[in-house]
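A quick write-up on the structure given underneath.
All chains are named by letter (A, B, ...) in the order of the sequence lines, taking the proteins before the strands, and each is independently numbered beginning at 1. None of the values given here were measured: they were computed from a predicted structure.
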4 protein chains.
Amino acid sequence: MTSSKKPDKYYAILEGALKVFAENGFHKSQVSRIAKEAGVADGTIYLYFKKKEDILTSLFQEKLGELVEKFNTGVNEQMTAKQALYKVCEIHFSELEGNVNLAFLTQIELRQSDLELRKEIGLALKRYIILIENILERGKQDGSFHADFDVKLVRLLIFGGMDEVVTSWLISGQKYSLTAQVGPTVNFFMKGIEA
Amino acid sequence: MTSSKKPDKYYAILEGALKVFAENGFHKSQVSRIAKEAGVADGTIYLYFKKKEDILTSLFQEKLGELVEKFNTGVNEQMTAKQALYKVCEIHFSELEGNVNLAFLTQIELRQSDLELRKEIGLALKRYIILIENILERGKQDGSFHADFDVKLVRLLIFGGMDEVVTSWLISGQKYSLTAQVGPTVNFFMKGIEA
Amino acid sequence: MTSSKKPDKYYAILEGALKVFAENGFHKSQVSRIAKEAGVADGTIYLYFKKKEDILTSLFQEKLGELVEKFNTGVNEQMTAKQALYKVCEIHFSELEGNVNLAFLTQIELRQSDLELRKEIGLALKRYIILIENILERGKQDGSFHADFDVKLVRLLIFGGMDEVVTSWLISGQKYSLTAQVGPTVNFFMKGIEA
Amino acid sequence: MTSSKKPDKYYAILEGALKVFAENGFHKSQVSRIAKEAGVADGTIYLYFKKKEDILTSLFQEKLGELVEKFNTGVNEQMTAKQALYKVCEIHFSELEGNVNLAFLTQIELRQSDLELRKEIGLALKRYIILIENILERGKQDGSFHADFDVKLVRLLIFGGMDEVVTSWLISGQKYSLTAQVGPTVNFFMKGIEA
DNA sequence: CATGAATGAGGGTTCATTCAT
DNA sequence: CATGAATGAACCCTCATTCAT
């Protein structure tokens with residue numbers, strides 16, 4: 001159903017990598033360990049990926065693709081901008097809460113990369129950031145949001161805020177409900193803190 | 001006034017590390033390169049630091065100490081909560097804008113660490129987060145902020161938002177003024193986006 | 001017939017190690033030098049041995065195995081105890097005289113190890129010591145040897161004596177015939193020095 | 001009373017080295033550890049010894065000197081050759097039994113050296129070997145020993161035998177009395193094993 | 001396509017030795 | 001004589017990547 005022209009082993013390797021990366025972190029994960037987890041030979045990995053780093057980026061793009069699809073499914077034009085923003089935050093939190101390995105990947109492992117890779121990741125994130133941007137634009141146009149804030153800035157503030165909430169929850173050991181934070185989080189974005 | 005009883009070479013090594021880490025990232029930085037940059041022999045580094053990773057954490061703690069001091073100097077009780085928040089954001093942005101190497105360290109390199117180290121960093125960041133928390137509490141008490149938001153959550157949203165703005169500015173190649181974002185950023189925190 | 005299911009490279013590395021150890025001693029022998037001598041890459045060594053020290057112990061056990069086999073072949077039940085002792089000494093001396101590298105290994109390198117390793121070596125030597133012990137027991141039972149000496153002690157005196165003769169011959173630069181000492185040596189063991 | 005032109009620190013270092021070598025073995029003993037044990041600075045050691053290895057050889061020569069002195073005191077011309085041999089063995093065993101650190105040094109550490117050092121040690125041992133040789137010669141001349149054995153060979157057999165008994169006792173964990181072996185040992189040397 | 005044995009460059013760390021004080 | 005901070009050469013081992021089968 002996905003863009004699955006790719007053979008099974010491609011996905012098996014990615015799943016193995018997700019598990020191994022989440023357990024040990026990118027730099028401490030050996031390729032051979034991923035191979036064993038995926039049930040393929042070490043060399044096989046290099047039939048599907050050029051370098052170890054490519055596994056990480058492919059994994060990210062694949063997973064982000066799935067997320068974006070969920071966003072696209074969950075958010076539609078009938079919603080108000082506020083409702084859409086709520087939905088985005090809800091999906092963001094619930095997806096990562098429901099898949100801790102993926103959370104480790106996005107919040108910890110993907111940061112373990114040099115500038116080069118960070119740019120590539122930034123590029124992949126673009127689609128998500130733009131989704132938020134579109135919602136902000138829509139709110140401005142229909143008058144439900146202020147007219148004078150900087151969309152380019154605020155999308156960062158929103159994304160960064162949600163991102164930090166997830167990381168904090170993850171590092172703390174996932175001891176509380178992440179989805180319970182959706183309401184207060186969106187509320188802050190909407191109303192700020194000023195009385 | 002700081003704990004500056006440490007010998008000169010200790011600081012020389014940290015400065016060398018800051019430069020080398022910023023240029024190449026932690027994992028791609030050789031100890032011998034840091035030694036050369038600091039003007040000491042390779043072995044000398046191990047008179048002051050137990051392992052390579054210790055250089056990174058010491059560097060972070062040392063630099064964070066300096067920042068916290070600047071926050072303490074810059075923010076005082078005479079200010080309104082809003083003014084204090086503005087000052088915090090201003091220092092946060094201007095310090096990193098004025099020291100790109102330090103920005104690389106905090107935004108990129110320090111994320112390149114396993115969970116263990118992340119926890120340690122999180123611990124060190126606590127002081128900064130609490131500073132924000134205190135401002136929020138003060139605003140609630142004097143009535144200038146809402147009474148009903150969750151301080152623990154909002155401090156994350158504020159920190160995460162600022163953090164993302166800095167990272168974005170850094171990765172984009174520092175093509176625009178970071179300090180120019182202070183006003184709009186704090187404004188968003190205060191008023192949110194709702195019309 | 002031996003446990004020679006091991007791949008060729010395993011033995012190639014051992015032979016390389018024998019040569020390099022004999023020339024430079026264990027501690028002054030680099031793994032890379034052994035690799036070159038064996039015609040394999042440095043890393044290949046670690047496919048067959050866990051640590052550098054493992055090469056030494058494996059080498060010893062492999063070589064000792066060969067020696068014990070020769071003892072088993074050379075000594076049989078038809079011989080008198082005296083003849084058997086003679087044969088043991090003859091094999092001991094001739095094998096080491098015929099393989100100076102092996103002599104260096106057993107007389108010099110294997111002593112270059114900490115207590116831990118010495119114990120392991122002592123364990124491996126047990127088979128040889130027991131061979132001597134059996135001969136002594138046999139002589140006592142058939143009345144060709146005294147009835148009242150301590151077998152556990154005398155086996156050490158015999159082994160230690162032969163061992164020292166070999167070491168002395170080796171350190172002196174192998175300037176005389178070692179096998180020529182077999183007769184006088186066994187004669188001393190049999191008759192002592194008392195007139 | 002010894003040839004003590006040497007300053008106190010020289011001996012302090014040797015005593016420190018004896019302890020450290022006995023505990024860790026030569027190769028695993030750091031010079032700085034010896035310095036600490038001796039209560040001097042690292043650099044001070046190099047005022048008295050040229051290299052680390054020199055500590056080992058000096059230690060050996062110093063200790064061997066003490067032993068030889070004890071042999072000279074204990075053995076005299078009034079004794080029969082047999083009595084003298086008994087005395088030599090008694091001193092050899094009792095001195096090492098009474099000083100386990102010294103035993104470790106002679107039986108284990110001194111073997112941890114390359115050929116060069118082994119030769120030097122062999123040279124130092126010469127005095128002891130010659131002592132045994134003299135006793136053998138005396139026995140031959142006064143007719144209490146056979147006339148036809150090879151003195152050069154038998155002295156090795158005797159030394160090697162005693163040496164192995166000590167090593168075996170040491171490695172086994174010194175669980176039994178070493179001096180109790182003097183009688184049976186000398187007895188074997190005198191009478192051999194033949195009935 | 002798949003394998004996995006083989007490769008070999010690379011680097012963190014130790015520690016014997018030196019030398020300015 | 002004594003110090004001990006500083007040096008820097010030396011080396012074992014790992015592991016991403018390749019390639020003959």
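The interatomic distance linking C:Ile34 (CD1) with F:dC12 (P) rounds to 8 Å, in whole Å. Following rounding to the nearest Å, C:Tyr46 (OH) and F:dA16 (P) show an atom-to-atom distance of 18 Å. The distance from atom CD1 of C:Ile45 to atom P of F:dC15 is 18 Å, rounded to the nearest whole Å. The nearest whole Å value for the distance from the NZ atom in C:Lys51 to the P atom in F:dC11 is 16 Å. If you measure from atom CD1 of C:Ile55 to atom C1' of F:dC12, you get 11 Å, rounded to the nearest angstrom. Between B:Lys36 atom NZ and F:dG8 atom C1' there is a gap of 12 Å when expressed in whole angstrom units. Here F:dC11 presents its P atom at 13 Å from CZ of C:Phe26, a figure rounded to the nearest Å.
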Under the rule of Watson-Crick or G-U wobble with both distances under 3.5 Å, where | means paired to another strand and [ ] a crossing pair, DNA chain E maps to .||||||||||||||||||||

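Nucleotides of DNA chain E with any atom under 4.0 Å from a heavy atom of chain B span, from 5' to 3', E:dG11 to E:dT14.
Mapping A:Thr44 and D:Gly43 onto DNA chain E via the closest heavy atom, the residue that lands nearer the 5' end is A:Thr44. Map A:Val31 and C:Lys50 each onto its nearest nucleotide of DNA chain F; the residue landing nearer the 5' end is C:Lys50. Comparing D:Ala41 and B:Leu47 by the nucleotide of DNA chain F that holds the closest heavy atom to each, the one mapping nearer the 5' end is D:Ala41.
For the pair B:Ile45 and B:Val40, the tightest heavy-atom approach, listed with the atom from each and the gap, is CG1-CG2, 4.3 Å. Nearest heavy-atom pair, C:Ile34 versus C:Ile13, reported as atom, atom and distance to 0.1 Å: CG2-O, 3.9 Å. Across all their heavy atoms, C:Tyr10 and C:Glu62 have their closest contact at OH-OE1, 3.2 Å. Taking both residues in full, the closest heavy atoms of C:Leu18 and C:Asn101 are given as CD1-O, 3.6 Å, listed atom of the first, atom of the second, then distance. Smallest separation of non-hydrogen atoms from B:Ala12 and B:Ala38: O-CB, 3.4 Å.
Among the protein residues, B:Phe49 comes within range of no part of the nucleic acid, since none of its heavy atoms lies under 4.0 Å from any strand.
Side chain of C:Ser32 to main chain of C:Asp42: no donor-acceptor pair is present (N/O by atom type, distance under 3.5 Å, no hydrogens or angles). Proximity of a side-chain donor or acceptor of C:Ser58 to a complementary backbone N or O of C:Asp54 within less than 3.5 Å is detected.
Distance noted for atom C1' between E:dC1 and F:dT21: 13 Å (whole Å).
Taking 4.0 Å as the cut-off between side-chain N and carboxylate O, D:Lys19 and D:Glu15 do not count as a salt-bridged pair.
A 6.0 Å sphere centred on NZ of C:Lys52 holds more than 12 heavy atoms belonging to other residues, nucleotides or ligands.
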